[in-house]
Structures are given as structure tokens and as C-alpha cells.
Amino acid sequence: MGTIRRSPPQGGRFDDAGDATRRTRLANERTYLAWWRTGLTAFAVSIAAGKLVPELSDTGSSWPYTALGVAFALIGSFFVLYAFRRHRAVERAVDDGLFVGPGEHIVAALSIAGALVGVVLCVILLLQD
């Protein structure tokens, strides 16, 4: 755990670079935890879609909901794994005084995966008796 400083940095003077770095590291930590919360939410949706919905309704076949649950579980796993990768990359960039974005391919992949799961959900709901 880090050192807790009880007095302002630099003997009471405002330190632009030091304070900005601290704020950036804290923001990175909050973002890391947000990725985790998103992953845990996807896991909860996975259980609900894959197990609870078929149990609570007369849908007939449960395999579409199981497949949807697996898709949400995979997306949740990605969020949790990506959280570590992203946190580490931002920490290294802060150490080097640089900026690192999330990467266009990652953002596109998450957007496509979310849209596909949404379309599959719509199809399942429309075909349900």
C-alpha cells in the first residue's frame, strides 16, 4: 500500500505535475474497477439468461438462452482480463509521461460483440412462442 501524506506536497505548494500524476493514477484505478464491475455484471446477466430465464418461463427449448448466457460470460471474461492489460498499459504510460488510448480494434470488437449479442437476443425473443 502507498504512503499516506498528511501535508500538501512540496511544503504546501501546489505541484502541477505531481498532483496531475496522482489524479491520473487514481482515475486509472477507478477505471480498472469499472472494467471489473462491467465484467461482473456480464457474469450476472450470463447466469440470468442461461439458467434463470429458462427455469422461470415456458420457453420450450433452453439452448438459445444457454448460448446467450455463454456469450455474456465470454464478454465478461474479456472485460476482466482487459482490465488488467489496460491498467498496466496506462501505468507504464504515466511513468513515461505518455498517453495510451484503448485501441481502436478493442473498442470496435467490444462494440461488435455487444451489438451481435443484442441482435441474437432480439431474434430469440421474436421467435419465442
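Please read all numbers here as calculations on a predicted model, not as lab measurements.
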Do V45 and L110 share a hydrophobic cluster, counting only Ile, Leu, Val, Met, Phe, Trp and Tyr and linking them when any side-chain heavy atoms are less than 4.5 Å apart?
yes
Closest contact, heavy atoms only, [X] versus [Y]:
| X | Y | result |
| --- | --- | --- |
| G50 | T66 | O-OG1, 3.8 Å |
| S61 | W63 | OG-CD1, 2.6 Å |
| R30 | R37 | O-NH2, 4.2 Å |
| E91 | N28 | OE2-ND2, 3.1 Å |

Quick one: side chains of residues 67-84, donor-acceptor pairs under 3.5 Å with protein atoms, not counting sequence neighbours, listed by atom name and distance.
| unit_1 | atom_1 | unit_2 | atom_2 | d |
| --- | --- | --- | --- | --- |
| S77 | OG | A73 | O | 3.0 |
| Y82 | OH | P102 | O | 3.0 |

I'd like to know whether D95 forms a salt bridge (charged side-chain N to carboxylate O under 4.0 Å, His left out) with R92, so could you lay out the CA-CA distance, the side-chain angles of the two residues, the decisive distance to 0.1 Å, and finally the verdict.
CA-CA 5 Å; D95 287 341; R92 287 180 181 162; over 6 Å; no
Keeping the roles fixed (side chain from S111, backbone from V107), state whether a donor-acceptor pair exists under 3.5 Å.
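Present.
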Give, for atom NZ of K51 and atom OG of S62, the distance between the pair rounded to the nearest 0.5 Å.
7.5 Å
In this structure, OG1 of T31 is separated from CH2 of W36 (nearest 0.5 Å) by 15.5 Å
Got R86 and Y32 here, is their nearest side-chain heavy-atom distance under 4.5 Å?
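Heavy-atom side-chain distance check fails, nothing below 4.5 Å.
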Taking the side chain as every heavy atom from C-beta outward, state whether R25 and V94 have any pair of such atoms under 4.5 Å apart.
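Yes - at least one pair of side-chain heavy atoms lies under 4.5 Å apart.
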For P64, the option from L125, I124, L127 that meets side-chain contact (heavy atoms from CB on, under 4.5 Å):
I124
CZ of R88: more than 12 outside heavy atoms within 6.0 angstrom?
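Yes, the 6.0 Å shell around CZ holds more than 12 heavy atoms from other groups.
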